[in-house]
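Before any comments, here is the structure.
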Amino acid sequence: MKILVPVKRVVDYNVKIRVKQDGSGVELANVKMSMNPFDEIAVEEAIRLKEKGVATEIVVVSIGPQQASETIRTALAMGADRGVLVKTDVNVEPLGVAKLLKKVIETENPGLVILGKQAIDDDSNQTGQMLAALLGWAQGTFASKVEVSGETLAVTREIDGGLQTIELKLPAIVTTDLRLNEPRYASLPNIMKAKKKPLDETSPETLGVDVAPRLKVLSTVEPPKRSAGVKVASVEELVSKLKNEAGVL
Amino acid sequence: MALEPETFRQLLDTVERFVRERLIPNEERVAETDEIPEDILAEMRELGLYGLSAPEEFGGLGLTMAEEAEVVYLLGHASPAFRSAIGTNVGIGSQGIVLDGTEEQKKEWLPRIASGEVVASFALTEPEAGSDSASVRTLARKDGDHYVVNGSKRFITNAARAGMFTLMARTGGPGAGGISAFIVPADLPGIKIGKSEKKMGQQGAHIHDVIFEDCRVPAANIIGGKEGQGFKTAMKTLEKGRLHIAALCCGVASRLIEESVRYASERKQFGQAIGEFQLIQAMLADSKAEAYAALCMVRDAARKRDAGEPVATEASCCKLFASEMVGRVADRAVQIHGGSGYIRDYAVERFYRDVRIFRLYEGTSQVQQLIIARNLLKEAANA
């Protein structure tokens with residue numbers, strides 16, 4: 001079975017985000033970029049399925065500028081087999097991403113698509129669901145466990161108040177949650193070898209998909225600064241303050 | 001061959017992340033237990049850190065000196081004990097074979113050294129031969145197609161874990177020309193490892209005496225196959241090692257400055273962050289300027305070495321300046337931390353002790369001064 005893993009290049013999770021002066025977005029100039037952590041989990045899961053003999057090939061797709069090829073290389077260094085870069089300098093929204101992925105999937109014909117439940121930059125949490133709808137495939141979102149048996153897939157989902165296990169018919173879409181696995185580090189020799197793995201390039205134009213933005217960013221603001229707290233001397237004082245000042249009791 | 005910038009960037013990003021996510025969070029545990037946990041050592045092996053310098057054809061990464069320096073610089077941001085675990089495989093333990101070994105010796109040892117399966121250890125220093133390393137007393141007496149080795153080595157890093165020693169022993173007359181370098185498998189009969197020394201710092205990195213008693217080493221294990229070349233091999237190895245250590249010092253200095261800046265921004269006295277005070281700022285500025293100078297030196301010397309230029313003088317300049325620099329930076333870091341800098345809860349207290357060795361091993365500061373000055377005088381005389 002072939003597994004397709006879409007990955008996104010985002011601001012590294014360690015970077016302190018700053019809003020641009022004009023409020024049009026966040027500052028990306030000279031900022032360290034990395035693979036979206038949820039996508040890393042998706043790559044890791046695909047590699048584990050390959051190591052178990054369930055998957056035969058792992059194809060990694062990224063949509064973004066030329067530098068997104070570095071994100072694909074990271075996945076190749078972890079153990080994916082080849083990459084596809086859909087090159088665009090436009091900021092593609094989740095629906096556009098889903099449409100592009102659908103096109104790639106129609107050529108690649110994977111049995112399973114694993115992707116992050118959301119990207120840590122815009123936190124949309126839409127692409128996987130939209131992609132499943134466009135393809136008419138089954139979907140298992142927020143996965144914390146994935147087990148393939150024959151033509152079906154058992155996905156344990158992290159839902160409010162507990163876990164839910166569902167059975168899906170393949171081909172299917174899985175979106176990863178944090179506890180699915182702990183991604184490996186790409187070893188240094190594999191980083192060097194990844195350079196030799198195939199990486200094809202295409203574009204939204206070639207795939208015939210209109211990725212023009214449909215949303216307009218009105219403003220971007222930093223979260224309000226936390227104001228100083230108050231120290232209380234006793235539980236009684238705390239209760240009294242919660243009752244009389246905060247009005248929450 | 002140097003890596004493409006994009007690939008090398010990715011390699012550095014991975015090391016940087018490993019240092020931040022795996023090494024730094026385990027520093028205190030290593031210091032407390034005086035052991036690097038086995039799982040961390042396994043991760044370091046899997047990552048490929050033991051093979052930074054071994055040539056690609058023998059399973060290593062074959063990094064250039066400039067590249068190795070950048071990786072070691074990043075490793076220096078965590079407790080130097082971690083670097084020490086891989087240090088002998090990357091540097092002094094293996095370089096004798098890399099630089100002067102025969103093809104067979106390289107094929108036999110380098111792949112296992114590069115993977116970390118075999119820990120390589122460097123045995124030159126003796127109780128009576130420290131800075132005066134040409135006075136090695138350990139004897140290797142020829143006996144048929146073997147040498148019989150007798151003698152004691154001192155302060156040998158990673159000796160207890162070693163799978164092989166690069167051993168310097170006397171096969172000929174007195175002086176440097178009578179010394180040969182041997183590859184000695186650690187499982188040969190007649191090798192005893194002494195207890196782990198109690199050191200001032202770098203807990204988790206271990207040094208031991210190694211005692212050879214009628215240890216029979218195959219004659220084929222002389223590095224390069226020729227007697228009397230050992231001292232030259234050792235000096236070449238140490239020259240490269242000096243750049244490695246200098247890069248490490250720069251990494252540790254960078255960490256110390258980060259710790260100092262963070263503390264100076266957070267700690268309040270007289271109603272403001274102590275970083276607002278100019279006397280604190282002066283210490284931060286001096287540390288940064290010196291650390292930057294040292295890093296530039298290392299990068300320059302490493303690049304020259306990669307270009308095939310002789311760098312004996314430059315390597316000693318780097319080792320001398322960078323190790324003294326990090327001593328001053330550590331001292332200022334403790335000073336900026338005030339009383340807290342004397343408390344074990346703060347990383348700077350540990351680093352202050354850790355960095356003291358850099359001015360001592362692989363050639364003391366005084367030995368570096370001698371090398372630099374003698375080279376200058378020799379050049380002038382030959383001009």
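In what follows, every heavy atom counts, from backbone to side chain, and hydrogens, waters and symmetry copies are set aside. Since we're looking at a predicted model, the values are computed, not measured. Below, chain A is the first sequence line, B the second, and so on; all start at residue 1.
Other residues, nucleotides and ligands contribute at most 12 non-hydrogen atoms within 6.0 Å of the NZ atom of B:Lys288. Residue A:Asp12 places its CG atom among more than 12 non-hydrogen atoms of other residues, nucleotides or ligands, all under 6.0 Å distant. Counting non-hydrogen atoms of other residues, nucleotides and ligands closer than 6.0 Å to CZ of B:Phe270 gives a total of 12 or fewer. Shown here is B:Glu28, whose CD atom has no more than 12 heavy atoms of other residues, nucleotides or ligands within 6.0 Å. Heavy atoms from other residues, nucleotides or ligands lying under 6.0 Å from NZ of B:Lys268 number 12 at most. Surrounding CD of B:Gln272 are more than 12 heavy atoms belonging to other residues, nucleotides or ligands, all under 6.0 Å away. The number of heavy atoms from other shown groups lying within 6.0 Å of CD (A:Glu147) does not exceed 12. Within 6.0 Å of atom CD in A:Gln21, 12 or fewer heavy atoms from other residues, nucleotides or ligands are found, so the atom counts as exposed in its surroundings.
In terms of heavy atoms, B:Gly48 sits closest to A:Pro189 at CA-CD, 4.1 Å. In terms of heavy-atom proximity, A:Ile191 sits nearest to B:Leu11 at CD1-CA, 3.8 Å.
Considering only heavy atoms from C-beta on, B:Leu52 comes within 4.5 Å of A:Leu188 through its side chain. Looking only at side-chain heavy atoms (C-beta outward), A:Met192 and B:Glu56 come within less than 4.5 Å of each other.
Put simply, the side chain of A:Glu70 never gets that close to the backbone of B:Gln10: no donor and acceptor are under 3.5 Å apart.
Atoms CD and OG, from B:Glu43 and A:Ser187 in turn, are 13.0 Å apart once rounded to the nearest 0.5 Å. Between atom CE of residue A:Met35 and atom CG of residue B:Asp13 there is a gap of 12.0 Å, rounded to the nearest 0.5 Å. Note that CD of B:Glu4 and NZ of A:Lys195 are 4.0 Å apart. Values are rounded to the nearest 0.5 Å. Rounding to the nearest 0.5 Å places NZ of A:Lys32 at 7.0 Å from CZ of B:Arg9. Note that CG of B:Leu47 is 10.0 Å distant from CG of A:Asn190, once rounded to the nearest 0.5 Å. Separating the NZ atom in A:Lys193 from the OG1 atom in B:Thr7 is a distance of 13.5 Å, to the nearest 0.5 Å.
Using a 4.5 Å cut-off between heavy atoms, B:Glu6 contacts chain A through its side chain alone, with no backbone atom that close. Looking at A:Asn14, the atoms closer than 4.5 Å to chain B (heavy atoms on both sides) all sit in the side chain, from C-beta outward.
Residues of residues 16-25 of chain B that come closer than 4.5 Å to chain A, counting heavy atoms only, are B:Glu16, B:Arg17, B:Phe18, B:Arg20, B:Glu21, B:Arg22, ordered by residue number.
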